[in-house]
Amino acid sequence: MPPQSTPAEIERAAAVLRAGGLVAFPTETVYGLGADASNPAAVAKIFAAKGRPQDHPVIVHLGSVDLLPRWAQDIPASALLLAAAFWPGPLTLILKRAAGVPDCVTGGQDTVGVRIPGHPVALELLRAFAGEDGGRVFSGIAAPSANRFGRISPTTAAHVRAELGGAVDVVLDGGECIVGIESTILDLSRGRAVLLRPGQITPAQIAAVIGAEVELRDNQAPRVSGALDSHYAPRTPLELVAAVDLPARLAALRGKKLAVLARAEAPAGMKDVSWQTAPRAVAGYAHELYASLRRLDALGCDLILVEAPPPAPEWQGVNDRLRRASSND
Ligand code: TXA
Ligand code: MG
């Protein structure tokens with residue numbers, strides 16, 4: 001059994017959120033760093049804790065689709081179809097923002113990102129948080145991933161404590177995040193369906209539900225901090241290498257302190273290399289990816305070599321994160 005926060009801990013965390021505090025909580029993708037999305041002073045604490053630029057929008061997490069109209073307007077039918085198909089789950093929808101949604105969650109844009117996360121602790125937290133209290137209405141939790149800006153997202157409560165511990169009022173523990181990479185982000189705010197960030201839910205799955213093609217991001221798309229090239233990066237330089245080129249690359253780098261993340265087993269004679277074998281299938285690979293990168297990063301190697309996974313559609317989310325982690329920009 002994964003460690004699960006108790007109902008009393010979740011109630012207390014909801015009270016901390018209502019009072020304007022910060023709560024890190026598990027979702028099925030990665031841990032989020034949450035604050036009351038209606039409270040700009042509380043949301044400002046998220047940016048301060050993460051060291052993130054103030055104009056980046058944050059996703060608003062909801063416990064029920066009934067709360068959607070508080071945050072979004074002109075909601076297209078495709079959004080409701082996707083909500084029915086994938087929520088609670090790892091899909092974020094970008095919609096036109098409703099009147100009164102604070103600029104701190106939208107980054108001053110005319111859109112808002114929303115999702116219902118598929119983790120029991122997150123859902124219990126959202127349900128305990130939502131409601132009226134002292135004349136104030138609580139409905140959404142603003143939460144980016146609970147990492148320092150530009151670093152790897154946390155997939156365990158221990159990752160959050162190590163990186164942000166002192167800056168957070170409560171860290172709820174929900175065990176390891178099942179999915180392991182951040183949600184798929186789909187922009188539905190401009191009459192089309194545009195993929196802003198690939199994730200476990202693929203464009204083909206989305207297209208099958210909405211009966212329309214999913215377009216890839218263009219340069220006019222809203223700002224997405226995950227779209228900065230140097231996002232999701234370990235401190236150790238990371239190089240992506242095609243599987244066929246790995247032996248030659250290892251030979252060329254002999255003498256360096258190396259870590260390898262590969263789906264293949266370590267060949268004989270790799271004693272000096274810290275070799276981490278990754279699951280062959282994409283779900284297991286994504287689930288372990290960030291924890292593996294953190295572990296390899298902590299070894300203090302000169303270089304992390306990652307054997308490139310297949311260029312297949314279901315690997316798009318993983319390949320996107322690896323490409324960003326390998327970018328030196
Ligand atoms: O899986 C996830 O999505 C996790 C969990 C905690 O829900 N959250 C997450 O948040 O990855 P964050 O802030 O690390 O990444 C969300 C991305 C950011 O790149 C942000 O710029 C983008 O979503 N985003 C949020 N609202 C947006 C909007 N209105 N328009 C365009 N992009 C938006
Ligand atoms: Mg993030």
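Both backbone and side-chain heavy atoms feed into the values below; hydrogens, waters and symmetry mates do not. In listed order, ligands and their atoms are each counted from 1.
Under a 4.0 Å criterion applied to the non-hydrogen atoms of H61, ligand 1 contributes the atoms 5 (C), 6 (C), 7 (O). Those atoms of ligand 1 that come under 4.0 Å of a heavy atom in T111, given as number and element, are 28 (C), 29 (N), 30 (N). Contact atoms of ligand 1 toward V112: 29 (N) (distance under 4.0 Å to a heavy atom of the residue). Ligand-side atoms of ligand 1 in range of T29: 1 (O), 2 (C), 4 (C), 5 (C), range being under 4.0 angstrom from any heavy atom. Heavy-atom proximity to R52, at under 4.0 Å, picks out these atoms of ligand 1: 12 (P), 13 (O), 18 (C).
Closest heavy-atom approach to atom 10 (O) of ligand 1 within the set S153, G32, P154, P144: this belongs to P144. For the residues A142, S183, G113, G107, the heavy atom positioned nearest atom 3 (O) of ligand 1 is part of S183. Counting only non-hydrogen atoms, the option in P57, G34, A122 that gets closest to atom 26 (N) of ligand 1 is P57.
Taking 4.0 Å as the cut-off between side-chain N and carboxylate O, E28 and R115 count as a salt-bridged pair. Taking a cutoff of 4.0 Å between a charged side-chain nitrogen and a carboxylate oxygen, D297 and R294 do not qualify as a salt bridge. Under the 4.0 Å criterion applied to side-chain N and carboxylate O atoms, R192 and E215 are assigned as salt-bridge partners.
Looking at R197 against ligand 1, only its side chain comes within 4.0 Å, counting heavy atoms. Counting heavy atoms under 4.0 Å from ligand 1, residue R97 does not touch it at all.
Ligand 1 lies within reach of I94, whose nearest heavy atom is under 4.0 Å from it.
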For salt bridge (Lys or Arg N to Asp or Glu O under 4.0 Å), just list the numbers for R97 and D103, CA-CA rounded to whole Å, side-chain angles, deciding distance to a tenth of an Å, and then say yes or no.
CA-CA 10 Å; R97 79 173 185 186; D103 280 342; 2.8 Å; yes

D133 vs R18, salt bridge (Lys or Arg N to Asp or Glu O under 4.0 Å): CA-CA, chis, key distance, verdict
CA-CA 9 Å; D133 192 5; R18 285 182 172 200; 3.3 Å; yes

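Of the N or O atoms in T27, none lie within a sub-3.5 Å distance of an N or O in ligand 1. At a 3.5 angstrom cut-off on N or O pairs, K50 does not count as close to ligand 1.
The nearest N, O or S atom of S153 is not closer to the Mg ion (ligand 2) than 2.8 Å.
Considering all non-hydrogen atoms of both residues, G175 and D173 come closest at N-OD1, 2.9 Å.
Checked by atom type and distance alone, the side chain of Q109 pairs as donor or acceptor with a backbone atom of T106 at under 3.5 Å. R321 places a side-chain N or O within donor-acceptor distance of the main-chain N or O of E182, the cut-off being under 3.5 Å.
Counted within 6.0 Å of CD1 on I178, heavy atoms from surrounding residues, nucleotides or ligands total 12 or fewer; the atom is thus considered open.
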